[in-house]
Amino acid sequence: MRFTVSEARDLAARVMAGLGHDVADSALIADHLIDCELRGLGYGGLARAISIAERLARTGDHRRAIRTLHETPVSARLDGGDQLGYLVAHRATQIAIDKAEATGIAVVGASDTWYTGMLSYYAEMAAARGLVSVIASNASPWVAPHGATEGRFGTNPICFGFPSADEPVIWDIGTSAIIHAEVTLAGRLGRQPPVDVAFDAEGRPTRDPAAALAGAFAAWGGAKGSGLGIVVQLLGIMAGSKPIPPELAGFGFVIIAMRPDLMGSADEFRANVSAYAEAVRGARPVEGGAPVRMPFDRSRADRQRRRDLDAIEIPDEICRQLDAIVARQPASETS
């Protein structure tokens, strides 16, 4: 089904409002979900709203206000109050930006949250204010370390963001061979994930989404990616998560934000980032290959293309499930 961008955002906001979020929080979550759709990451878009509803139905609503547990001029630690990660990470990022602008550098951690979303969303926030950022978020033990078949760390994204004289440079990756949301969406749509990315509960390779979700995903990049996933898990522990968080709960999020003028001219740094990005793009491609891209170039181009078209395609089955969620809510909650 095709939606305009405004229609898709309104649907996401109505679902979030029906799940108990106020108008401002519903709009913030919807903006994050629709940014996923615009960038072609549908598994983290409106389909994620279904997963949010399912998680709340499974656990009940135990949300508390986000609060600050510890704070210094250059740091803070937040208790996420079992709130959705889009809200907790956004709050942590805002605090990190404010502190880094004032002092030059800031480290902010948050725990007791879940579904943090695209870390690049927060890196763009920091880059828009001229800040370099390093961001990490751990998760439930869905991913097996290299050489194993049992989960010991999350899909554990890590992200770096750099402001430039034009478009920021952002690199945001998960440390698993496939993202949890991709497997979940494959199951909803009756599809199979690729080969060699998941194990079932007995440790056998599988392409069955349900078996993969009951087992573990492979680490991305072999031993190197596995090591990076372990590092992210430890950073989440530093933020206050348990060593191995429970299912879709207790995630840890860390953001470090830095002013580039800590080490020299901010204007010169931004100009050099832009110059380097153009040098990378100008590298000779392999024979018959496409022009070389910088990280985030594809996402940026896809987002602009869909905005220009004012169109987002959502699978019919996802629309049906979203409509069912909205229909279950009292009219006063969804108006």
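Nothing fancy with the numbering, it's 1 onward along the sequence. Predicted, not measured: the structure shown is a model, and the values here were computed from it.
For the residue pair D172 and Y121, no side-chain donor N or O sits within less than 3.5 Å of a side-chain acceptor on the partner. No hydrogens or angles considered: a donor-acceptor pair under 3.5 Å links the side chains of D308 and Q304. Side chains of D166 and S274: a donor-acceptor N/O pair is present below 3.5 angstrom, by distance only.
The list of salt bridge (Lys or Arg N to Asp or Glu O under 4.0 Å) pairs with a residue in residues 43-53, not counting sequence neighbours, is empty. Legend: salt bridge (Lys or Arg N to Asp or Glu O under 4.0 Å) pairs involving residues 177-192, not counting sequence neighbours, sorted by first then second residue: E54-R188.
Here CZ of R55 is found 9.5 Å from CD of E247. Values are rounded to the nearest 0.5 Å. If you take CD1 on I325 and CG on L19, they are separated by 6.5 Å, rounding to the nearest 0.5 Å. To the nearest 0.5 Å, the span separating CG on L213 from CG on D200 amounts to 12.0 Å.
Minimum interatomic distance between L33 and A49 (heavy atoms only, all atoms of both residues): CD1-CB, 4.1 Å. Between P193 and P209, the closest heavy-atom pair is CD-CG, 3.8 Å.
The existence of a salt bridge linking R303 and D35 is confirmed by a sub-4.0 Å separation between a basic side-chain nitrogen and an acidic carboxylate oxygen. One finds a salt bridge joining D297 and R300 here, because a Lys/Arg side-chain nitrogen approaches an Asp/Glu carboxylate oxygen to under 4.0 Å. The pair R14-D10 meets the salt-bridge criterion, since a charged nitrogen lies less than 4.0 angstrom from a carboxylate oxygen.
Note on ring orientation: taking the six-membered ring where Trp is involved, the planes of Y86 and H32 are tilted (angle from 30° to 60°).
A 6.0 Å sphere centred on CE of M294 holds more than 12 heavy atoms belonging to other residues, nucleotides or ligands.
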### Query
Going through the checks in order, is the side chain to side chain contact (heavy atoms under 4.5 Å, CB included) test met by I34 and V5?
CA-CA 8 Å; I34 299 310; V5 175; 4.1 Å; yes
